[in-house]
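Scroll down for the structure; my scribbles are underneath it.
For this chain, numbers begin at 1 and follow the sequence in order.
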Amino acid sequence: MSREENEKRLAYLKNIVSRLPDKPGSYQFYDNDHTIIYVGKAKSLKSRVSSYFHTEVDRFKTKVLVSKIFDISYTVVNTEEDALLLENELIKKYNPRYNVLLKDGKTYPSICVTNEYLPRIFKTRTINKKWGTYFGPYSHVGSMHAMLELIRKIYRPRLCRQPMTKEGIEGRKYQLCLEYHIKNCGAPCVGKQSLENYQENIRQAKEILKGNTRLLLKEMRELMNDYAEKLMFEEAEEIKRKYLLIESFVSKSEVVSHTIDNVDVFSITNDEAVAYINYIHVSNGAINQSFTFEYKKKINECEEELLQLGIIEMRQRFKSDSKEIVVPFDPEMELAGVKFTIPKLGDKKTLLNLSEMNGKQYKFDRLKQAEKLNPEQKQVRLMKELQEKLGLPKIPYQIECFDNSNISGTDAVAACVVFKSMKPSKQDYKRYNIKTVVGPDDYASMKEVVFRRYKRLLEEEQPLPDLIVADGGKGQMEVIREVIQDKLNLDIPIAGLAKNDRHRTNELLYGFPPKVIGLKTDSELFHVLTQLQDEVHRFAITFHREKRSKRALHSELDDIKGIGPKTRETLLKEFKTVKKIKEADNKEIEKIIGKSKAEIVYRHFHE
């Protein structure tokens, strides 16, 4: 598009904006093919739409959207609530490119109570309101099966799919089936159970599905007492059986307070690309619905906008008529007859915390699922998290860590381990014998090793690490800094892992002077860093043990020129110790290894 064409496009759009009314409504943006690419809602159409064309708009994604707009249409409505509802319907109808994408590919099951003469109750993923009343959907299939099992135990609704009519029952058209004989059905089809009793059972089952168990238990308690007073003990016992089953089921539900009834709870959990909105419905203090929606962001939508969409979508989907909605912040919307509550304490705050916990868990599960399919995604996430925590100029792809090992200064060694993409790169590990330090001086040993390591990398023009982690606190960090910055004039970030009084790593340090970085010790990132620390410990100690073992196994026989390993082994096998070899005469040694070798050994010990 040429500059003149773009100016003409903007002039046309601004002309439309200038005529927009100052009323609530929904607006639609079109591309050059006249396809809807964005749907929005506003309290004031004129104010909201004109904001897209202000010169001070600095959000990149918004600028991209504006560059694609070639036409604008709008619909005026009476209230902000109507604007929200219209926006939601248009988004679902046209699925515009730049609107948040509701990721809801999975169809969750619901429970259907049919409109038949003898209603049935069953699970389904197909919704057709002509067939009956639907309860759900259930995001947790286990809880749905538990609900169906309870209803079948208590009320025994018919399980057959045969269409049944009043005329068919009166004309004795139907026959008893196996379900009656195994006591899974009361057989209303042949008159074994009255129509009134069957329909009352279905009514009570609906109350359970609605979550009105407290009112239902109250009714049953009153009826049980009435039967007992009339000496109808069998009927009272049957009511008691049902009562106990419902009470047992309700006791396993999440109950906060019986004073909280018919309340919706919403929370939002965010990251850069996706928002997770959790919905909980509470009836009579019990949670009877919990669901999490995933919204994929397109143009940096704020939390208020996303929460508004979630509230409208979920209340429509779950047919909620709650007059109170508990939220973490003001969603900046109005719904007729609905009160928004932002709790600070009490039972409603507990519910909000529970909703947030469910949202975070859903996010965590989705993340784990994605990382299981693509393991590299987890490593990139951890590297980005470390970069963000430390404020590094680039992602720390290569991380190196050093450690010393000695006993009272003897057999002093050091080790360097390398992690690439948050995983050990064992082919790059290095082991060092300390050459210039006498005695147990960890700082001097660290200086020597760090200098040798990076001087050689510079000489060989090998890639330098993106981060050096000191196995220790401020002292070790300062020693490494002196070598890296003062001697070698390198700019490599340096972090440290400090230990507490119990010699357990509990802090990540960074900067000069070093500062504690806020990082939970049970986080994945901290676990990777401690894995790096454990690996360098293991590698250094293993090298030190190998060196110490070699020295311990060294004997005076190793210093005799002309005597090889097999001869030494033969002598030790026969004489057991070097001392006995020294004390033996030439003829005794000659019998074991021959004249020429015996003479070499004897001369070594006696001349």
Separation between CD of Glu448 and CD1 of Ile434, rounded to the nearest 0.5 Å: 4.5 Å
Within a radius of less than 6.0 Å around CD of Gln462, do more than 12 heavy atoms belonging to other residues, nucleotides or ligands occur? yes
If we only count heavy atoms from C-beta on, is the Phe340 to Asp330 side-chain gap below 4.5 Å? no
Give me the one residue out of Phe543, Phe402, Phe419, Phe539 that meets ring pair (Phe, Tyr, Trp, His ring centres under 6.0 Å) with Tyr429. Phe539
Just wondering, do Val528 and Leu386 contact through their side chains at under 4.5 Å, heavy atoms? no
For the backbone of Pro331 and the side chain of Gln308, can you confirm whether one donor and one acceptor N or O come within less than 3.5 Å of each other? yes
Side-chain contact, heavy-atom cut-off 4.5 Å: Gln531 with Glu535? no
Parallel under 30°, tilted from 30 to 60°, perpendicular over 60°: which one fits the rings of Tyr27 and Phe29? tilted
Search all heavy atoms of Phe266 against all heavy atoms of Pro328 and return the closest pair with its distance. O-CD, 3.1 Å
Start with the C-alpha distance between Asn6 and Arg9, add both sets of side-chain angles, then the distance that settles side-chain hydrogen bond (donor to acceptor under 3.5 Å, both in side chains), and finish with yes or no. CA-CA 5 Å; Asn6 187 51; Arg9 177 185 70 89; 2.9 Å; yes
Value for NZ (Lys447) from CD (Glu478), rounded to nearest 0.5 Å, stands at 8.5 Å
Are any of the side-chain heavy atoms of Leu352 and Val265 separated by less than 4.5 Å? yes
What distance do Ile277 atom CD1 and Ile268 atom CD1 have between them, rounded to the nearest 0.5 Å? 4.5 Å
Restricting to non-hydrogen atoms, name the atom on Asp471 and the atom on Gln476 that form the minimum distance, rounded to 0.1 Å. O-CG, 4.2 Å
How about Lys515: does its NZ atom have over 12 heavy atoms from other parts shown lying under 6.0 Å from it? no
Would Glu400 and Tyr454 count as a side-chain hydrogen bond (donor to acceptor under 3.5 Å, both in side chains) if you check the C-alpha gap in whole Å, the side-chain angles of each, and the deciding distance to 0.1 Å? CA-CA 11 Å; Glu400 297 187 358; Tyr454 297 115; 2.7 Å; yes
Kindly determine whether Glu385 and Lys389 satisfy side chain to side chain contact (heavy atoms under 4.5 Å, CB included), including the steps that lead there. CA-CA 6 Å; Glu385 185 181 349; Lys389 290 284 184 184; 4.3 Å; yes
Which atom pair, heavy atoms only, marks the closest approach of Ser51 to Arg48? OG-O, 2.5 Å
Could you check whether the rings of Tyr52 and Tyr38 sit parallel, tilted or perpendicular, using 30° and 60° as the cut-offs? perpendicular
So does Asp33 get a backbone contact from the side chain of Asp31, meaning a donor-acceptor N/O pair under 3.5 Å? yes
Taking every heavy atom of Pro514 against every heavy atom of Leu509, the minimum-distance pair comes out as CB-CB, 4.2 Å
Show, in sequence, the C-alpha distance, side-chain angles and deciding distance for Glu313 and Tyr295, and conclude whether the side chain to side chain contact (heavy atoms under 4.5 Å, CB included) test is met. CA-CA 11 Å; Glu313 173 66 34; Tyr295 287 91; 3.6 Å; yes
Report yes if the side chains of Leu307 and Met333 come closer than 4.5 Å at any heavy-atom pair, otherwise no. no
Less than 4.5 Å apart, any side-chain heavy atom of Leu532 and any of Leu497? no
If the threshold is 4.0 Å, N to carboxylate O, is there a salt bridge linking Arg3 and Glu7? yes
Is it the case that over 12 heavy atoms from other parts of the model lie below 6.0 angstrom from the CZ atom of Arg538? yes
Which pair of non-hydrogen atoms, one from Asn433 and one from Val413, has the smallest distance, and what is that distance? OD1-CG1, 3.7 Å
Main chain of Ser267, side chain of Asn278: is a donor-acceptor contact present, judged purely on distance under 3.5 Å? no
Could you check Thr269 against Lys363 for side-chain hydrogen bond (donor to acceptor under 3.5 Å, both in side chains), going step by step and ending with a plain yes or no? CA-CA 8 Å; Thr269 303; Lys363 175 185 175 182; over 6 Å; no
Spatial distance of atom OG1 (Thr35) from atom CG (Asp71) [nearest 0.5 Å]: 11.5 Å
Side chains of Leu490 and Leu458, heavy atoms from C-beta outward: is any pair under 4.5 Å? yes
Exercise: identify the closest heavy-atom pair between Ile492 and Leu464: CD1-CB, 4.2 Å
Please lay out, stage by stage, how Glu459 and Lys455 fare under the test salt bridge (Lys or Arg N to Asp or Glu O under 4.0 Å). CA-CA 6 Å; Glu459 290 171 350; Lys455 189 172 184 296; 2.5 Å; yes
So Val449 and Lys430, side chain to side chain contact (heavy atoms under 4.5 Å, CB included) or not? Walk me through it. CA-CA 10 Å; Val449 171; Lys430 297 295 178 185; over 6 Å; no
Min side-chain heavy-atom separation Val326-Leu351 under 4.5 Å: no
Is it the case that the side chain of Ser355 and the backbone of Ile280 share a donor-acceptor pair, with hydrogens and angles ignored and the cut-off at 3.5 Å? no
Does Asn489 have more than 12 heavy atoms from other residues, nucleotides or ligands lying within 6.0 Å of its CG? yes
Could you walk me through whether Val450 and Leu488 satisfy the side chain to side chain contact (heavy atoms under 4.5 Å, CB included) test, starting with their C-alpha distance in whole Å, then the side-chain angles of each, then the deciding distance to 0.1 Å, before giving a yes or no? CA-CA 10 Å; Val450 171; Leu488 298 174; 5.8 Å; no
Starting at CG of Leu525, measure out to NZ of Lys384 and round the result to the nearest 0.5 Å. 14.5 Å
Approximate separation, where rounding is to 0.5 Å, of Cys401 SG and Ile480 CD1: 7.5 Å
